[in-house]
Amino acid sequence: MAGRNFLFVPGPTNVPDRVLRAMVVSMEDHRSPKFPALTNEMMPGLKKVFRTEHGTPFIFPSSGTGCWEAAVTNTLSPGDRVLAARFGQFSHLWIDMCTRLGLDVQIVDCEWGTGVPLQQYADILKADTGHKIKAVLACHNETATGVTSDIAGVREALDEAKHPALLFVDCVSSLGSIDFRFDDWGVDMAVSGSQKGLMLPAGLGILCASQKALAMRESAQMKRAYFDLGDMMTSNATGYFPYTPALSLMYGLVESLKMIEEEGLDNIFARHHYLAEGVRAAVIKGWGLKLCAKEAKWYSDTVSAILVPEGKNGAEVIARAYSRYNVSLGAGLSKVAGKLFRIGHLGDMNEVHLMAAIAGAEMAMLDCGISVTPGSGVAAASEYWRTHQPPSGLLMRGTPNELKESHGTNSLPRSAVVKG
Ligand SMILES: *Cc1c(COP(=O)(O)O)cnc(C)c1O
């Protein structure tokens, strides 16, 4: 098939060429005296991305799911109660893991398309005067439904109840793309992975632990081996890892952290919001369709889950977009299978790149008999992007005049100018 595949699943995301090139390295001895320099380059950059001074970052050769397990097994004991809300496939899977690991999960089931129910969390925590709840789980960005939750609000609920439970946050699809504040929000365990906002292939589980969480290791009775943070801390202290680190991915991480530093976290969040607003304009104003997220306060800036009209099948749209237009859209998972398709708009992306998702989804929908007005999605997104100030990450370097000149005939070498 000629042309490229356009990848709009919300993870793995597009890996920038710079990062791809940085990963093409010969293998090295991970016990050499040179190796700690690499560790020392990654860790401070990760702390900045988590917005923490006091937290400790960890890098596991795993996916994000591994760090869900690390967070839980290093801090809790079998039978401990944890509070968790379920409103999508990812919040569900973490709950499922906790149950399988022998924890007593107090589940708050919420409508899919909503997020962490702050009032219910606050009421439950206030009522738990005996402090039976040892940890509170929150999925910052539910990738299955395109819903972002208010983590500062969860911290408030804990503080108001003067509840000592640990706060565990899944930030797999928000870290480095939606504002996340480890220290300000008093997060104890933040779980992430390499293949979303960090713009890398899958393969690194990334975790950040508070001092309070690390202190729990002494008393935590859950079984742990591969994901024991103690082994990691002992090795990391000398710049090494307890087992073979994923070297290529780490070189990629150093490069992606450089890119994040260059653009600036706040600019990155602004870019994600601006791009997401364009997609939402396409969906709501252009196509007249609905997002799975029930209210604007839940809208995710990294992924939009788009409901197809009643009687239509989102899976058919995804299949058609892929097989006919070489565009990869995200599937509806579990409870929402067939009801929606998703456009991931996180990581390395700009307006015209994202237009491929909008145009591709629109053609696929029309082919599947969904009656949207041809061109309406692109028109609405273009209207939004052309009338709003683009964030700095989308602007070319150089002054407007310099840029104009470099495109004018004036900048051509004399020999190239044909005289009439
Ligand atoms: C992708 C994702 C995960 C799972 O991460 P893996 O790297 O696939 O293990 C967990 N939570 C959320 C919110 C995600 O988006």
Side-chain angles (χ1 to χ4, degrees), residues 7-15 46 49-50 58-73 82 84-101 110 112-116 137-151 154 167-180 187 189-208 226-227 246 249 252-253 256 272 276 292-293 298-305 328-336 340-347:
L7 183 64
F8 295 105
V9 296
T13 64
N14 297 276
V15 180
L46 274 182
V49 175
F50 279 110
F58 292 89
I59 304 173
F60 283 97
S62 78
S63 76
T65 302
C67 288
W68 275 346
E69 185 161 328
V72 169
T73 56
V82 301
R86 175 160 54 195
F87 41 77
Q89 182 66 0
F90 292 97
S91 44
H92 162 68
L93 286 173
W94 202 5
I95 287 171
D96 179 58
M97 173 187 274
C98 289
T99 309
R100 284 154 64 181
L101 289 170
C110 308
W112 287 34
T114 67
V116 175
L137 271 53
C139 183
H140 187 204
N141 189 71
E142 175 50 81
T143 320
T145 56
V147 161
T148 303
S149 286
D150 176 7
I151 303 302
V154 180
L167 173 56
F168 294 173
V169 181
D170 174 336
C171 58
V172 182
S173 61
S174 57
L175 189 73
S177 41
I178 296 174
D179 196 8
F180 180 83
V187 178
M189 285 284 193
V191 174
S192 199
S194 50
Q195 77 276 22
K196 308 219 169 146
L198 296 175
M199 307 175 288
L200 291 162
L204 298 181
I206 297 189
L207 179 72
C208 191
Y226 185 76
F227 287 110
L249 288 168
L253 177 60
S256 82
H272 280 80
C292 181
W298 303 121
Y299 288 172
S300 163
D301 284 341
T302 59
V303 55
S304 293
S328 294
L329 302 170
L333 303 171
S334 149
K335 227 176 167 173
V336 288
L340 55 80
F341 65 87
R342 293 176 297 154
I343 296 178
H345 31 81
L346 73 161

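Counting convention: from 1, in listed order, for ligands and their atoms alike. Everything numeric here is computed off the predicted structure, so don't read it as measured data. Sequence positions, counted from 1, serve as the residue numbers for this chain.
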Taking all atoms of both residues into account, what is the closest heavy-atom pair of C98 and L137, and its distance?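 Smallest interatomic distance, heavy atoms only, reads SG-CD2, 3.8 Å.
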
Can you see which heavy atom on C139 is nearest to which on S91, and at what distance?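 For C139 versus S91, the nearest heavy atoms are CB-CB, 4.1 Å.
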
Atom indices of ligand 1 within 4.0 angstrom of [X] heavy atoms, with elements:
X	value
S173	13 (C), 15 (O)
S63	6 (P), 7 (O), 9 (O)
N141	13 (C)
T143	12 (C), 13 (C), 14 (C), 15 (O)

Nearest-neighbour protein heavy atom for atom 2 (C) of ligand 1, which is reported as residue plus atom name and distance: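 Going atom by atom, the protein heavy atom closest to atom 2 (C) of ligand 1 ends up being K196 NZ, 2.5 Å.
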
Protein residue, atom and distance nearest to atom 11 (N) of ligand 1, heavy-atom basis: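 Heavy-atom neighbour on the protein nearest atom 11 (N) of ligand 1: D170 OD2, 2.6 Å.
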
So is there a nitrogen or oxygen of G64 less than 3.5 Å from a nitrogen or oxygen in ligand 1?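 Yes.
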
d(L340 CG, I343 CD1) to nearest 0.5 Å is 11.5 Å

Can R342 and L329 be said to form a side chain to side chain contact (heavy atoms under 4.5 Å, CB included), step by step? CA-CA 6 Å; R342 293 176 297 154; L329 302 170; over 6 Å; no

Please verify whether a non-hydrogen atom of [X] lies at under 4.0 Å from ligand 1.
X	result
G193	no
Q195	yes
W68	yes

Taking side chain to side chain contact (heavy atoms under 4.5 Å, CB included) as the criterion, tell me which of P201, P61, S256 meets it with L249.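 The side chain to side chain contact (heavy atoms under 4.5 Å, CB included) with L249 is passed solely by P201 among P201, P61, S256.
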
Check whether any side-chain heavy atom of L346 sits under 4.5 Å from a side-chain heavy atom of P10, and report yes or no. yes

May I ask you to test the L175-F50 pair for a side-chain heavy-atom distance under 4.5 Å? yes

